Number of protein chains: 4
Amino acid sequence: MVHMNNRSGTETKKRILQVAAEVFAEYGYAEANMRLISRSAGISVGGLYLYFKDKEDLYLTLMNESLDYINQKTRDALKDTHDPIEAITSLITLSVNYAKTNRERILLQGRELGFSFGLEVKKKFFKERRRLIEEIIRDGVAKGVFRSCDPAEKAKIIFSLLRGFVVSIIIDDEALFAAEECLDLILNGLLK
Amino acid sequence: MVHMNNRSGTETKKRILQVAAEVFAEYGYAEANMRLISRSAGISVGGLYLYFKDKEDLYLTLMNESLDYINQKTRDALKDTHDPIEAITSLITLSVNYAKTNRERILLQGRELGFSFGLEVKKKFFKERRRLIEEIIRDGVAKGVFRSCDPAEKAKIIFSLLRGFVVSIIIDDEALFAAEECLDLILNGLLK
Amino acid sequence: MVHMNNRSGTETKKRILQVAAEVFAEYGYAEANMRLISRSAGISVGGLYLYFKDKEDLYLTLMNESLDYINQKTRDALKDTHDPIEAITSLITLSVNYAKTNRERILLQGRELGFSFGLEVKKKFFKERRRLIEEIIRDGVAKGVFRSCDPAEKAKIIFSLLRGFVVSIIIDDEALFAAEECLDLILNGLLK
Amino acid sequence: MVHMNNRSGTETKKRILQVAAEVFAEYGYAEANMRLISRSAGISVGGLYLYFKDKEDLYLTLMNESLDYINQKTRDALKDTHDPIEAITSLITLSVNYAKTNRERILLQGRELGFSFGLEVKKKFFKERRRLIEEIIRDGVAKGVFRSCDPAEKAKIIFSLLRGFVVSIIIDDEALFAAEECLDLILNGLLK
DNA sequence: TATGAATGAGGGTTCATTCAT
DNA sequence: CATGAATGAACCCTCATTCAT
């Protein structure tokens with residue numbers, strides 16, 4: 001293969017990101033290698049380094065993109081929603097459905113949980129999401145829709161639930177549950 | 001250093017496992033290296049291979065041990081318990097407390113979630129736990145203590161919740177919640 | 001940036017040479033890279049190859065230019081000089097002063113002494129300079145101004161002295177000495 | 001080739017150093033590559049890194065060894081010498097003869113003059129040598145054997161002379177001169 | 001059992017050079 | 001003339017694994 005030279009760096013960069021997402025998702029950061037990514041992207045090794053400083057940069061770019069995407073989706077879903085039940089419903093449904101249809105994006109973030117870099121970004125992201133849930137609950141309690149409780153604590157639990165859901169998707173696809181069932185449990189509990 | 005000549009190979013093997021657990025927990029599988037493990041265990045590199053076929057074998061042994069340990073703990077806690085509320089309380093409390101005090105063991109399993117090998121063992125383990133929860137719920141529904149529902153589905157949700165909790169421990173220690181709050185939500189839900 | 005459209009290619013070529021001299025002087029041949037040179041020259045990488053066959057060609061052109069320059073300076077200084085003392089004084093003064101004020105040019109030649117290519121050109125240059133010194137001495141001996149000696153041998157020594165001076169400039173600026181002191185030693189020696 | 005395992009790391013390390021000296025001398029630091037060194041030493045690439053942290057470490061070890069060697073030689077030659085003429089004779093003869101018979105060692109240090117690392121060590125070494133020459137001259141002047149002069153300045157000149165001699169060896173073998181001729185010039189000068 | 005020197009494939013990265021535009 | 005995206009060989013270095021002792 002000689003010079004492809006499609007003259008549009010943006011095009012190439014996009015292709016790299018796309019392919020890299022797949023490769024990182026399949027192999028994880030450590031196992032993925034630049035040679036494979038380059039081949040999959042139909043580009044030379046050196047070509048990769050035209051667009052990304054190094055492997056880490058490529059990974060981080062991908063992850064940030066992914067987190068931004070979810071944040072945007074969430075904001076869109078929650079805007080104009082003033083009913084706490086509707087809000088928590090939206091959030092859970094969105095999370096569950098997102099996870100179901102974006103396995104690769106999630107694998108990207110979750111493949112290596114204790115991952116050394118990009119950790120701060122992830123932490124910030126998770127904190128923000130927890131705060132979001134907390135506010136919905138607080139609002140629900142204030143409006144008398146939800147039982148009186150410690151919103152921060154309950155938010156942590158629901159956040160963990162969603163996080164666990166996401167992990168389930170990574171490990172075993174069969175562990176999925178329907179958003180409605182989840183909501184039912186969250187809202188009504190187990191007891192009669 | 002010449003032959004350390006422990007009482008027995010078993011002694012040495014134990015020490016290796018102990019050290020390896022720490023190293024894998026701190027660095028993750030890919031980042032951990034055999035030289036470090038051997039040095040930390042006060043053994044030669046070659047010595048490692050006397051007790052374990054290869055790196056994977058060492059890791060897998062460790063993981064199986066860890067999973068067996070949890071299973072045993074759970075069986076102990078649930079035996080002689082016939083009240084569904086008490087049972088689910090036991091399970092959740094156990095899981096949460098175990099996670100809080102065994103961060104290292106969890107890191108071992110969870111550091112690289114979609115990890116290529118050992119997956120089958122993990123899957124089996126998780127399936128078993130899900131089944132356990134399911135049975136408690138089914139029992140609770142049958143006894144009229146829990147609301148009528150799809151036990152399998154609800155089990156998945158609670159399982160995810162616990163899984164998420166475990167992940168929270170790996171990533172950020174602050175996301176922890178008290179077992180009681182969790183139980184309260186699970187049992188009573190959010191609604192008034 | 002599109003075509004810069006200098007008056008002529010000659011203009012561009014000059015700028016490249018100028019910039020390349022600085023870069024080679026600062027980084028040495030191996031460490032210098034074409035991208036840096038091109039950027040510094042305000043030209044594209046490809047543009048470089050319009051004027052020079054390859055990196056080596058660029059370096060060689062530079063070096064030849066530099067050697068020619070010194071030769072010219074020397075010829076100018078020595079022409080019309082018939083007194084051996086005056087001649088050796090001229091040569092030494094010129095060499096020392098040149099070295100002091102043209103550090104970059106010298107770095108260019110000297111950065112990598114045993115450098116594989118361009119060696120022949122350098123050798124020829126050095127031989128010529130040695131011959132020049134030799135002739136001055138021979139003339140001085142013939143005229144009865146210098147002590148009877150082996151001019152070729154003494155020329156080698158003085159040549160080495162100047163060469164060492166030049167190296168001193170490259171490595172440590174402080175090792176410089178005044179041309180007069182040098183001359184004094186050469187002419188009168190250490191002994192009383 | 002399988003494991004040579006000669007069980008004596010010291011032996012291997014010595015062989016590596018020997019071979020590396022040759023390779024660095026022939027190709028210079030930048031051009032020399034670890035694969036070549038390893039092959040020449042009859043060892044694997046990885047083997048190299050058992051004894052040296054990295055390429056730089058290997059080079060630096062070599063250089064320090066070389067400088068230490070010269071320093072020792074010089075100390076040996078100068079001890080018990082109280083006559084300035086004899087001392088300067090010793091130093092020059094030693095330097096010249098050393099250069100003649102240790103071309104490789106010198107190439108090692110001098111191949112890349114403006115070399116980024118190891119520079120401090122070299123500078124210290126050179127400074128020390130200059131100081132040594134200076135003291136001999138100062139002593140000679142004090143004893144009334146040498147003409148009254150600025151010893152520091154004259155030392156720089158003689159130091160440069162020796163340095164240039166060393167460089168001549170690197171570039172062209174033919175530029176060598178006999179130690180006696182050199183001494184004669186230094187002591188008596190050119191003038192009648 | 002135990003050692004640790006030795007292996008070598010493979011990883012990340014650089015950079016002189018080319019060529020379609 | 002000029003561009004700069006693209007190439008790919010080659011570099012330094014790591015590390016799981018082996019084996020003579």
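Residue numbering restarts at 1 for every chain, and letters A, B, ... go by the order of the sequence lines. Since this is a predicted model, take the numbers as computed values, not measurements.
- Under the Watson-Crick and G-U wobble criteria, each requiring two contacts below 3.5 Å, nucleotide F:dT21 is paired to E:dA2.
- Between the C1' atom of F:dC15 and the CG atom of D:Leu48 lies a distance of 16 Å, rounded to the nearest Å.
- For C:Lys55 and A:Met34, each mapped to the nucleotide of DNA chain E holding its nearest heavy atom, the one lying further toward the 5' end belongs to A:Met34.
- Taking the six-membered ring for Trp and the full ring otherwise, B:Tyr59 and B:Phe52 have centroids separated by 6.0 Å or more.
- Summarising the geometry, the separation between CG on A:Leu58 and P on E:dG11 is reported as 16 Å, rounded to the nearest angstrom.
- Put simply, D:Tyr49 has no side-chain N or O that comes within less than 4.0 Å of OP1 or OP2 on F:dC15.
- Across the protein-nucleic acid pair, A:Asp54 atom CG and E:dT13 atom P stand 5 Å apart, rounded to whole Å.
- Between the P atom of E:dA6 and the CG atom of D:Leu50 lies a distance of 7 Å, rounded to the nearest Å.
- For D:Thr12, a side-chain nitrogen or oxygen approaches OP1 or OP2 of E:dA6 to under 4.0 Å.
- Nucleotides F:dT21 and E:dT1 are separated by 13 Å at their C1' atoms, to the nearest Å.
- In terms of phosphate contacts, B:Ser38 brings no side-chain nitrogen or oxygen within less than 4.0 Å of OP1 or OP2 of E:dG4.
- Taking atom CD1 of residue A:Ile43 and atom P of nucleotide E:dG12, one finds them 16 Å apart after rounding to whole Å.
- Side-chain N/O atoms of B:Arg35 and base N/O atoms of F:dT14 include no donor-acceptor pair closer than 3.5 Å.
- B:Tyr27 has its OH atom 11 Å from the P atom of F:dC15, to the nearest Å.
- Base-pair partner of E:dG12: F:dC11 (Watson-Crick or G-U wobble, both distances under 3.5 Å).
- Nearer the 5' end of DNA chain F, as judged by each residue's closest nucleotide, is the contact made by C:Val45, out of C:Val45 and D:Val45.
- When each of B:Thr12, B:Asp57, B:Ile37 is checked for a side-chain contact (heavy atoms from CB on, under 4.5 Å) with B:Leu48, only B:Ile37 meets the rule.
- Residues B:Ala25 and B:Glu104 come closest through the heavy atom pair CB-CG, 3.4 Å.
- A:Ala32 comes within 4.0 angstrom of sugar-phosphate atoms only, judged by non-hydrogen atoms across all strands, and of no base.
- In terms of heavy-atom proximity, B:Ala30 sits nearest to A:Ala30 at CB-CB, 3.3 Å.
- For the pair A:Lys53 NZ and E:dC15 P, the interatomic distance rounds to 14 Å; values are reported in whole Å.
- For the residue pair D:Gln109 and D:Ser66, a side-chain donor N or O sits within less than 3.5 Å of a side-chain acceptor on the partner.
- Each of B:Glu56 and A:Ser44 has a nearest nucleotide on DNA chain F; the 5'-most of these lies closest to A:Ser44.
- Between A:Phe52 atom CZ and F:dA5 atom P the separation is 14 Å, expressed in whole Å.
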